[in-house]
2 protein chains.
Amino acid sequence: MTTAHQPQGAPGETRPGGRTARTREAVLAAVFEELGAGGFAGLTMEKVSQRSGIHVATLYRRWRSIEGLVCDLLTELSADVPLPDTGTLPGDLRALARSITAFYGEPRMRRLIEAVVSAAARDPQVATVLRSFFGERLALAGQMVERAVARGELPAETDPEQVMSALGAPFYYRILIARRPVDAALAESAATAVWAAARAGAYPREGHGPADDATGP
Amino acid sequence: MTTAHQPQGAPGETRPGGRTARTREAVLAAVFEELGAGGFAGLTMEKVSQRSGIHVATLYRRWRSIEGLVCDLLTELSADVPLPDTGTLPGDLRALARSITAFYGEPRMRRLIEAVVSAAARDPQVATVLRSFFGERLALAGQMVERAVARGELPAETDPEQVMSALGAPFYYRILIARRPVDAALAESAATAVWAAARAGAYPREGHGPADDATGP
DNA sequence: AGACTAACGCGAGCTTCTTCGCGTTAGATT
DNA sequence: AATCTAACGCGAAGAAGCTCGCGTTAGTCT
């Protein structure tokens, strides 16, 4: 869980509840606020230092760079989107899509993911953390799909992680590429689309080709 | 077409075929190569200057920043993915998905889009250019879907741009978030998924809700 | 061909970013 | 309570990034 950048900070380290943890909290809060205020463009060590009251040298010592800070913030805000269990996959997909919409409805969170992706483009270590971070979340969310397959809602050869990728993809496209706010319509569209596509066998496990009904209606 | 950063450079300006155009060509080529070599992480004005043989001051004068350079490069490489017309929408979707795969199959191009998104997170002007750039391409690609609607392959209330967004989204998710290379399987999956989802009415125009078959099989 | 001007090269100078050494503080240890 | 050490504050020094003014070059215009 601890990033490669910071020698200490996560619970279970040498100074668990003490000064170290306090400064980390203060710093990450400052990064988050600064990010919400000015985006990644206006994010600088100097500002984080001023807002948090922590000296710049300390920031460089523990996090090495802005990228490291953003990266650490990402891992901190991990457990914010819980997995639904409504009993049916379309219900679950819809619920999750709405959760994601609520999450990224806040400009702060869009700024955060923007910053993380931007940081990953510059720092290979951040890229690694980002990949494994989403990898874990994807594997976790995949359980939702596995239940659906067990219930017989989807073909047995369906790849759970691909389904969940397909659910998330429209949001990140909207945020990073189209650069428009996410809304309820996107959530409905994403959930409906993934459900239809998954039923059509568009997300097969490796080895199985996709069900080829793509030759006409 | 001209970015907000550079006073000259695009064809039709004051010094069309002369030194200005040559330096721009040399500089953008240098940026591209440097990007392919070290990614956005290793991209610096100094290196671009050295590789292109153009003085640093000139780079700052014309492009103002690294972000401006990357932004200009994006607009330069715009017309590289032609629109297919196979006669059927599933055929078109598949062909386009394969084109996109070929395009982003090159690490260089993944680096480029990474750099562009990263630059947009820092520079609001780049963000604007990025949005309008993809907006235009989306509108253009939407014609593919309009033809399909006219042929009766899709519901009349289908929103062309949403369909095309949905086709592109998986690629950008793969590149920027999952951080794994794009492959043929992704192309097939994306094309198949969008086709199934579009037929199910998952991409309605504003005002029409998505066709609600999301309550169970 | 000659005059005119936009764009470039050059290097100095400024700002911002980043690191380092040393003394101090907070928390753990016994 | 006394000791011991990791983490922090502080300021200075070094490096990198960025701007500016001036002279030169290349392309245009008459």
Side-chain angles (χ1 to χ4, degrees), chain A residues 2-3 5-31 34 38 40-72 118-119 122-123 125-126, chain B residues 2-3 5-31 34 38 40-72 118-119 122-123 125-126:
Chain A
T2 302
T3 74
H5 293 290
Q6 41 148 14
Q8 277 85 11
E13 301 289 334
T14 46
R15 300 284 165 85
R19 184 167 54 162
T20 301
R22 276 205 310 277
T23 61
R24 177 167 183 257
E25 199 173 348
V27 168
L28 292 189
V31 173
E34 206 66 50
F40 198 41
L43 188 65
T44 171
M45 285 297 204
E46 189 61 36
K47 287 188 181 174
V48 174
S49 169
Q50 286 174 2
R51 192 184 282 263
S52 65
I54 303 298
H55 199 270
V56 192
T58 301
L59 300 182
Y60 279 106
R61 265 194 289 258
R62 281 186 63 176
W63 288 277
R64 211 196 63 186
S65 64
I66 303 272
E67 285 77 20
L69 273 170
V70 171
C71 186
D72 195 18
S118 182
R122 308 198 166 212
D123 189 334
Q125 296 188 2
V126 175
Chain B
T2 303
T3 75
H5 293 289
Q6 42 147 13
Q8 277 85 10
E13 302 288 334
T14 46
R15 300 284 165 88
R19 183 166 58 162
T20 301
R22 276 205 309 277
T23 62
R24 177 167 183 255
E25 198 173 347
V27 168
L28 292 189
V31 173
E34 206 67 51
F40 199 40
L43 188 65
T44 171
M45 284 298 204
E46 190 60 35
K47 286 187 181 174
V48 174
S49 169
Q50 285 174 2
R51 192 184 283 263
S52 66
I54 302 298
H55 199 270
V56 191
T58 302
L59 301 181
Y60 280 107
R61 265 194 289 257
R62 281 186 63 176
W63 287 276
R64 210 196 64 190
S65 64
I66 302 275
E67 285 78 20
L69 272 171
V70 171
C71 187
D72 195 18
S118 182
R122 305 187 179 225
D123 189 334
Q125 296 188 3
V126 176

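Since this is a predicted model, take the numbers as computed values, not measurements. To find a chain, count down the sequence lines: A is the first, B the second, and so on, and within it residues start at 1.
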- Query: In whole angstroms, how far is the P atom of C:dT18 from the CG atom of A:Leu69?
  - Reply: 11 Å
- Decide whether A:Glu67 and A:Ser65 meet the rule of one side-chain donor and one side-chain acceptor closer than 3.5 Å. yes
- Task: Using only side-chain N and O atoms of B:Thr23, determine if any of them is under 4.0 Å from OP1 or OP2 of C:dC8.
- Result: yes
- Query: In whole angstrom, what separates A:Arg24's CZ from C:dG27's P?
  - Reply: 17 Å
- Message: Using OP1 and OP2 only, check whether a side-chain N or O of B:Tyr60 sits under 4.0 Å from D:dT19.
- Response: no
- Are side-chain N/O atoms of A:Arg62 and A:Thr23 paired as donor and acceptor at under 3.5 Å? yes
- Whole angstrom is fine here: how far is it from CZ in A:Arg122 over to P in C:dT18? 11 Å
- Item | Flag side-chain contact, heavy atom, 4.5 Å: B:Ile54 against B:Ser49 | no
- Side chains of A:Thr44 and A:Glu34: closer than 4.5 Å at any heavy-atom pair? no
- Task: Please state how far atom CG in A:Leu43 lies from atom P in C:dT16, giving the value in whole angstrom units.
- Result: 17 Å
- Query: How many Å lie between CD1 on A:Ile54 and C1' on D:dC10, as a whole number?
  - Reply: 14 Å
- Query: Between D:dC8 atom P and A:Glu25 atom CD, what is the distance in whole Å?
  - Reply: 14 Å
- Item | Selected nucleotide, minimal atom distance to A:Thr58 side chain, candidates D:dC8, C:dT18, C:dC8 | D:dC8
- Task: Answer whether the closest heavy-atom distance between the side chains of A:Ser52 and A:Val27 falls below 4.5 Å.
- Result: yes
- Message: Which nucleotide wins on minimum distance to the side chain of A:Ala57, given the candidates D:dC18, C:dT18, D:dG11?
- Response: D:dG11
- Task: Take the protein atom CD1 of A:Ile66 and the nucleotide atom P of D:dA16, then report the distance between them rounded to whole Å.
- Result: 18 Å
- Message: Can you see if the side chain of A:Arg22 gets near the phosphate of C:dG27 - specifically, an N or O under 4.0 Å from OP1 or OP2?
- Response: yes
- Item | Atom-pair distance (CZ on A:Arg61; C1' on D:dC10), nearest Å | 10 Å
- Note on the structure: Of B:His55 and A:Thr44, the one whose nearest nucleotide on DNA chain C sits closer to the 5' end is B:His55
- Message: Tell me whether the side-chain N or O atoms of A:Arg19 pair up with the base of C:dT25 as donor and acceptor below 3.5 Å, since no angle test is needed here.
- Response: yes
- Message: Is the phosphate of C:dT18 approached by A:Arg64 (side-chain N or O, under 4.0 Å from OP1 or OP2)?
- Response: no
